[in-house]
Q: 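Supplied in structure tokens, the structure appears directly below.
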Amino acid sequence: MKYDFTGIESKWQKKWDDEKAFCASNGGERPKFYVLIEFPYPSGTGLHVGHPRPFTAMDIVARKRRMQGFNVLFPIGFDAFGLPTENYAIKNKIHPAAVTRDNIAKFTGQLKRLGYSFDWERCVDTTDPSYYKWTQWIFLKMFDAGLAYKALIPVNWCTSCKCVLANEEVVDNVCERCGADIVRREKSQWMLKITKYAQRLIDDLDTVDYVERVKAQQRNWIGRSVGARIDFMTTSGDTIQVFTTRQDTLYGATYMVMSPEHPLLQKWTLDNPDEIKAYQALAAKKSDFERTELVKEKSGVELKGIRAVNPVTNKEIPIFISDYVLASYGTGAIMAVPGHDTRDWEFAKIYNLPIVEVVSGGDISKEAYVDCDSGIMVNSGILNGLSVEDAKVKITKWLAKEGLGEETVNFKLRDWVFSRQRYWGEPIPIVNCEKCGYVPLSESDLPLLLPEIENYETTETGESPLAAMTDWISTVCPKCKGPAKRETDTMPQWAGSSWYFLRYTDPHNDTALAGRDALSYWTPVDWYNGGMEHTTLHLLYSRFWHKFLYDIGVVPTAEPYNKRTSQGMILAEDNQKMSKSRGNVINPDDYINEYGADTLRLYIMFIGDFEKTAAWSSQAVKGCKRFLDRIWNLAADGAILKDADSSHEAAIHRAIKKVGNDIENLKFNTAIATLMALVNDFYITPPTQGDYKVLLTLLSPFAPHIAEELWEMQGFGGYAAKEAWPEHDESKTIEAQIEIAVQVLGKLRSTIKVPPDCDDDFLIEKAKADEKIARHIEGKQITKTIVVKNRLVNIIVC
RNA sequence: GCUGGUGUGGCGGAACAGGUAGACGCCCGGGACUUAAAAUCCCGUGAGGGCAACCUCGUGCCGGUUCGAUUCCGGCCACCAGCACCA
């Protein structure tokens with residue numbers, strides 16, 4: 001009988017569906033285990049071959065943990081709001097909700113064809129009003145807590161789409177959608193105060209088990225630096241505040257630089273206003289991309305008529321504006337220390353400004369002496385002779401005493417721009433009242449439904465398509481009942497995904513985002529795997545939301561995820577990223593049709609180190625199909641021994657140990673290699689039914705359909721998927737005869753076969769007696785012998 | 001520049017509390033079965049030398065520690081990813 005994967009796979013998929021085989025229960029005797037994958041965005045093109053890598057990996061973990069007796073929650077849902085759906089809807093004149101429905105149906109079919117053990121009863125859809133009601137509810141809570149606010153900020157404006165783009169939607173300074181130029185525009189936007197959580201988002205990384213590259217990237221993005229705020233008086237009687245991490249170099253501050261957007265510039269009357277305005281206009285025209293290009297020479301304009309005073313030297317120093325100082329970081333102004341900062345040094349050279357050495361050890365006539373931690377303070381008044389470290393402490397104390405500054409922590413992290421001028425997103429549940437200002441809807445008014453509209457096109461004015469819905473917009477103020485207007489922007493795609501893992505614990509609850517008991521039972525997520533591309537977006541955003549929900553008593557833990565791992569990307573066969581334009585996209589359906597889902601699952605796990613990028617090979621897939629054929633044929637050819645003693649005991653116990661450990665350590669490729677080696681053994685010496693049963697048990701998480709079918713054919717009873725995961729016996733992992741390497745002078749010269757755990761003298765004698773070894777030591781004096789138990793003997797001669 | 005990571009056969013990759021380098025798979029070669037082919041099964045497959053037994057070399061480069069280094073240490077080089085005029 002041939003291995004008919006198509007029939008087998010649909011048979012078991014139907015059975016799993018009918019029996020709701022993998023649904024979790026909230027509670028019970030067994031320990032809980034919550035495994036999470038990033039829920040997919042249901043695009044029109046369907047699953048691509050990148051999806052099955054993390055999905056299969058976590059399915060294997062979920063299945064193995066179930067077999068080990070855990071109550072496993074392995075849920076699935078769809079992150080369905082977003083731009084591609086909206087674009088598709090515009091182009092094809094179909095309502096985005098209909099597009100979403102179709103795409104979810106398509107994805108569901110594809111996911112089921114891969115045999116994933118999801119709990120489909122808990123499936124969530126972020127565009128479902130019963131779901132986004134709670135997304136809006138969280139927003140209202142944030143508004144109440146002062147974490148959601150509206151602000152006029154510079155945004156990325158696409159000149160062709162006539163709408164705002166998120167930073168991540170701008171690629172190489174053009175719109176990722178249409179390729180048009182991006183300019184900066186001031187726009188009033190809803191913001192979320194993620195910066196309030198910056199310190200905790202860093203600190204609590206120490207409490208979770210994330211792979212190091214994820215932690216490092218988040219720390220880097222949040223960008224904490226410790227320094228000081230220092231106040232510089234000006235001749236106009238104002239104060240310019242600066243942030244510096246090098247307060248020790250204050251005596252070397254010979255000029256100041258402000259960003260062209262600094263608010264004091266509007267206040268001041270200067271002697272060269274035209275020159276300044278011209279520079280400001282130039283800077284405003286430039287995009288962030290151009291402004292941050294390193295190659296260009298620094299430029300700036302000196303402010304004529306107003307100077308600053310260095311608080312320690314009491315010298316008057318010039319003030320410049322330059323776009324190398326960013327308005328959005330620190331205070332938007334710096335003290336320039338050209339002796340010990342490369343940028344300041346370059347600027348000083350161009351404008352002929354004094355360069356003073358305040359830390360000895362470098363040669364400031366050639367370049368700024370920056371890495372000067374080991375240097376000694378000079379030309380620095382009260383700091384002279386101190387180390388850099390001590391100087392920092394001393395000057396900071398002095399500044400505090402004089403009321404001229406204090407120690408400060410600064411972050412790179414910015415608040416989250418939360419408005420999108422789009423239709424297909426969650427409406428922001430706020431009204432703008434002429435009298436009361438921004439007023440939140442009351443909870444009982446949620447969900448605020450997305451109205452049905454005819455036209456989803458963005459408008460000429462850059463407002464949301466909802467802005468044209470005058471009926472919908474006009475409303476009454478919840479507070480004063482006077483006339484008010486609804487907010488027409490919607491939430492970004494990252495909103496719904498910031499809390500979806502909470503909804504899975506209690507997906508049908510209509511009185512809370514999830515019940516307290518359900519949250520206490522399931523959270524935190526035990527293991528969350530997802531893409532590196534979400535490290536500083538979704539992963540950070542959801543940690544922020546979770547911490548907020550923790551603060552207001554909604555969730556029981558400060559962190560949402562205990563463990564975070566990340567898969568590598570799958571490249572196309574040509575080693576390039578898959579893309580429609582390159583025409584190298586691999587569709588998993590084609591491989592399921594040709595080889596079956598079990599083969600595809602195996603191959604995608606066997607392709608290489610799970611955490612590294614791997615290139616697809618249509619040739620190598622065959623090897624995994626052959627492996628399954630060989631397992632199938634063992635049974636079909638009647639090679640399995642009944643009523644016999646196993647000659648594979650040691651190999652079986654080693655395989656149990658290795659496969660189990662490998663799954664927990666994401667080493668799926670070597671787990672599969674172990675199973676392949678075991679099957680190769682079975683072809684040399686036939687397995688007993690007991691051996692075969694263990695093989696199927698270990699195979700079951702990887703290739704669940706064929707494992708189940710063979711299990712049934714062998715009459716093992718029940719399901720392979722519900723079989724207890726076998727335990728290995730360490731004492732049985734060692735063969736009766738082991739091979740030991742024999743070296744002479746550290747070079748392998750022979751091997752000997754001996755029983756395990758022989759004593760050293762026996763091994764040495766046995767090694768010396770070996771014919772090949774005898775030849776190598778003949779006529780030489782043995783000075784030393786080294787024995788490594790059960791591994792090798794090394795004979796040293798001279 | 002900063003941060004994290006990676007360099008091993010023709011290819012994907014194993015092995016690292018230092019201990020038989022190349023598991024497993026792909027490709028390729030040979031054989032069995034077959035009228036033949038496919039499929040399947042068996043054997044071989046790092047490089048060089050030798051009829052062979054064997055020998056020499058070999059884990060990015062240069063050094064070091066060690067009986068023994070892909071693994072540890074020092075110094076380089078290359079590549080990948082993220083951030084980047086962040087004061």
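The sequence lines fix the lettering, A, B, ..., with proteins before strands; numbering per chain opens at 1.
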Q: Under the rule syn = chi within 90° of 0, otherwise anti, which is B/rG5?
A: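 Anti.
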Q: Can you sort out the partners of A/Asp662 under salt bridge (charged side-chain N to carboxylate O under 4.0 Å, His left out), two or more places apart, ordered by chain and number?
A: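 Partners of A/Asp662 under the salt bridge (charged side-chain N to carboxylate O under 4.0 Å, His left out) test: A/Lys658.
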Q: Between protein and nucleic acid, restricted to nucleotides 27-34 of chain B and to nitrogen or oxygen atoms under 3.5 Å apart, what atom pairs and distances do you find?
A:
residue	atom	partner	partner atom	Å
B/rC27	OP1	A/Gln619	OE1	3.1

Q: Tell me the salt bridge (Lys or Arg N to Asp or Glu O under 4.0 Å) pairs involving residues 781-798 of chain A, sequence neighbours left out?
A: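 Output for this query lists A/Asp757-A/Lys789.
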Q: Report the residue from A/Tyr351, A/Phe320, A/Tyr324 that forms a side chain to side chain contact (heavy atoms under 4.5 Å, CB included) with A/Lys298.
A: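 Output: one option passes, namely A/Tyr324.
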Q: Just to verify, what does A/Lys392 make a salt bridge (charged side-chain N to carboxylate O under 4.0 Å, His left out) with, not counting sequence neighbours?
A: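 Expected list: none.
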Q: At under 4.0 Å, does any side-chain N or O of A/Arg630 touch on OP1 or OP2 of B/rC24?
A: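 No, because none of the side-chain N or O atoms of A/Arg630 sits under 4.0 Å from OP1 or OP2 of B/rC24.
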Q: So if I take residues 753-775 of chain A and measure heavy-atom distances to RNA chain B, which residues fall below 4.0 Å?
A: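 Result for residues 753-775 of chain A: A/Lys772, sorted by number.
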Q: Please determine, for the side chain of A/Glu212, which listed nucleotide (B/rC41, B/rG4, B/rG7) has the closest atom?
A: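 For the A/Glu212 side chain, the nearest candidate turns out to be B/rG4.
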Q: Within the structure, does a side-chain N or O atom of A/Ser225 lie under 4.0 Å from either OP1 or OP2 of B/rA87?
A: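 Affirmative; the distance criterion is met.
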Q: Quick one: the dot-bracket string of RNA chain B, using Watson-Crick and G-U wobble pairs with both distances under 3.5 Å, [ ] for crossing pairs and | for bases paired to another strand.
A: (((((((..(((......[....))).(((((.......))))).((((....))))..(((((..]....))))))))))))....
Q: Give me the distances for all protein-to-nucleotides 66-73 of chain B N/O pairs that come in under 3.5 Å?
A:
residue	atom	partner	partner atom	Å
B/rC67	O2	A/Asn794	ND2	2.3

Q: The criterion is salt bridge (charged side-chain N to carboxylate O under 4.0 Å, His left out); which residues satisfy it with A/Asp373, sequence neighbours excluded?
A: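 None.
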Q: Indicate the ring-plane relationship of A/Tyr591 and A/Trp616, choosing parallel, tilted or perpendicular according to the 30° and 60° boundaries.
A: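 The arrangement is perpendicular - the two ring planes meet at more than 60°.
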Q: If the condition is salt bridge (charged side-chain N to carboxylate O under 4.0 Å, His left out), which residues does A/Asp231 pass it with, not counting sequence neighbours?
A: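 So A/Asp231 forms a salt bridge (charged side-chain N to carboxylate O under 4.0 Å, His left out) with A/Arg229.
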Q: Mind jotting down which residue pairs meet the salt bridge (Lys or Arg N to Asp or Glu O under 4.0 Å) criterion with at least one end in residues 600-621 of chain A? Sequence neighbours excluded, please.
A: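 Sorted pair list: A/Asp59-A/Arg601, A/Asp609-A/Lys612, A/Asp609-A/Lys667.
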Q: Do A/Thr396 and A/Glu407 pair up side chain to side chain, a donor and an acceptor below 3.5 Å, judged on atom types alone?
A: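 No.
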Q: Looking only at atom C1', what distance separates B/rA23 and B/rU70, rounded to whole Å?
A: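 Looking at atom C1' only, B/rA23 and B/rU70 are 15 Å apart.
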Q: For the P atoms, the ones on B/rG64 and on B/rC28, what distance do you get once it is rounded to whole angstrom?
A: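 Between the two P atoms, the distance is 44 Å.
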Q: With sequence neighbours left out, write down each residue that passes side-chain contact (heavy atoms from CB on, under 4.5 Å) with A/Asp209, or none if nothing qualifies.
A: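 side-chain contact (heavy atoms from CB on, under 4.5 Å) list for A/Asp209, sorted by chain: A/Lys563.
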Q: Would you say A/Asn680 places a side-chain N or O within less than 4.0 Å of OP1 or OP2 belonging to B/rG25?
A: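 Yes, such a contact exists.
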Q: Apply side-chain contact (heavy atoms from CB on, under 4.5 Å) to A/Glu778 and list each qualifying residue two or more places apart in sequence or on a separate chain.
A: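 Counting only residues at least two positions away or on another chain, A/Glu778 forms no side-chain contact (heavy atoms from CB on, under 4.5 Å).
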Q: Ignoring the backbone of A/Ala741, work out which of B/rC86, B/rU20, B/rA87 is nearest its side chain.
A: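 The closest nucleotide is B/rU20.
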